[in-house]
Novice: 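Would you mind keeping the following structure in view while I ask a few things?
Each chain gets a letter, A, B and so on, in the order its sequence line appears, and its residues count up from 1. Not measured: the values here are computed from a predicted model.
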2 protein chains.
Amino acid sequence: MSNSKYLKKIIIDRVNGDETIEVEDVTIEEARLTVYLNGEKIISMMCIPKDQEAHTIGFLMSENVITDISDVKEMKLSEDGLRVDIKAAVDTDSLQNLYKEKTLVSGCGGGVTGNVAGNLEIQFNQTNFVISPKVISDEVKKFYADSELYKLTGCVHKAMLFLEDETIITAEDIGRHNAIDKVVGKCKIDGLNTDKAVLFVSGRLSSEMVVKAVMHRIPIIVSRTAPTYLGVQTANTHGTTLIGFARGRKMNIYTHSGRVHD
Amino acid sequence: MSNSKYLKKIIIDRVNGDETIEVEDVTIEEARLTVYLNGEKIISMMCIPKDQEAHTIGFLMSENVITDISDVKEMKLSEDGLRVDIKAAVDTDSLQNLYKEKTLVSGCGGGVTGNVAGNLEIQFNQTNFVISPKVISDEVKKFYADSELYKLTGCVHKAMLFLEDETIITAEDIGRHNAIDKVVGKCKIDGLNTDKAVLFVSGRLSSEMVVKAVMHRIPIIVSRTAPTYLGVQTANTHGTTLIGFARGRKMNIYTHSGRVHD
């Protein structure tokens, strides 16, 4: 199993009422991935050490530190998988924003930090991309049917990009921000266009989750759980279609529902 | 209802199969709380702007920036509730660690940053505090029975401290880290001892959640969901009893199970 290397076996005491038995259990690996940009350590991220390059690219592009994949000159992952060295042309202001103010975000996975604060002028998303509610419901169903690490550990978030040509890209991580950065990073590295895509996430939609979709010009974001009020406001302001509580054939459309019809 | 001010009413499109109706829905407020320590802006946190002082104290003590509540000379919350000004004697090294390295954590709510990296020498927890599995199960049941904001928004994490004298302190936030910082901060402000307490949390137990319990010398942490492998290792190293998947009369005890018996 390709994911087995991220699963750690342990012995635990399983209590059931007055009975306790020793059993083998499995937990998910969590490690500190450190990113060196142009020779300087810029950040560490607690994550599943998987898809590290995609994670790094997705994060730096979410933060606008790297504005285009073509600005990446070189990327190298250390043998232990815990260090990414990347050489790239950077947006100096956005890189400074990473340090200017440390913002602790509410959503699993750290994520958008200095650059959430409206430092960036982001155009209102005007794309005419539309999708039917039926397709969304069908994809949500598949999304949960296929989440191996979650099933095994109960401790993993998943993100999926459903592209215009129905290509599906997925990523999993202990943090839902990381999962988004990883799935977006995979698309950027493969040169896939996310301007007409739907981002499915397993976690709640707090503002910084929405900001990631906004930053990457992803027009539609879908979760099976709830958004925050600021998440809704952020989506509304930037022309992003925000859908929550997508379960079965039901869903709540919070903003820009015009993109969802047959 | 005391919490109503954090609930924001919005109009949404509720889709059910081929039918769409416009309905009023409620979402949770999410705001950026900025902390000024001795006149300097040190951090912002995305959170529910509630219990801001407790949140600030809990966070700074989780980070070891403030080592004792008596070091706090003055604390003031701005009228809009989005800025806390605190004057306190600080641990300079720990304050520097907040900036030295930015670590994005995997758990909801940012939280432990520079100081998770083993910069601090923390004693192995040797407390002889014990609790029966029955009490844990009973408290887990109450814990979920009483989570108003979660019920209303589906977007809130909760933390509860069950003290030796059975005093119960609770806090809720969009971030599970924030919820822990808030509930610990409440105890510190009220001079309540958490050395013989059980911390109940609604979220997953990634390492930085466990580190908070370790930092505050809380001997037992209980969640209804899963820990990460690093979370288990962290608890094991520091003598913290880690319990996950606490549901009904069942629970998994991952570390130091000696504290759990009748």
Novice: Name the option with the most non-hydrogen atom pairs under 4.5 Å to chain A; the candidates are K8(B), E29(B), K134(B), Q233(B).
Specialist: K8(B)
Novice: Start with the C-alpha distance between L37(B) and L95(B), add both sets of side-chain angles, then the distance that settles side chain to side chain contact (heavy atoms under 4.5 Å, CB included), and finish with yes or no.
Specialist: CA-CA 10 Å; L37(B) 176 60; L95(B) 182 57; 4.1 Å; yes
Novice: Quick check on the interface: out of L230(A), T20(A), L242(A), I48(A), who has the most heavy-atom pairs with chain B under 4.5 Å?
Specialist: L230(A)
Novice: Going by atom types only, do E30(B) and S207(A) share a side-chain donor-acceptor pair under 3.5 Å?
Specialist: yes
Novice: Please identify, among T255(B), I12(B), I10(B), the residue contributing the most non-hydrogen atom pairs under 4.5 Å to chain A.
Specialist: I12(B)
Novice: Counting heavy-atom pairs under 4.5 Å with chain B, which one of A246(A), P227(A), S137(A) comes out on top?
Specialist: P227(A)
Novice: Give a yes or no on whether the backbone of G203(B) and the side-chain of T225(B) come within a donor-acceptor separation of less than 3.5 Å.
Specialist: yes
Novice: Quick check: are there more than 12 heavy atoms from other residues, nucleotides or ligands sitting under 6.0 Å from CG of D18(A)?
Specialist: no
Novice: Contact between V84(B) and H55(B) at the side-chain level, heavy atoms closer than 4.5 Å - yes or no?
Specialist: no
Novice: Heavy-atom pairs under 4.5 Å with chain B are the metric here; pick the option from V232(A), I28(A), V26(A), V23(A) that has the most.
Specialist: I28(A)
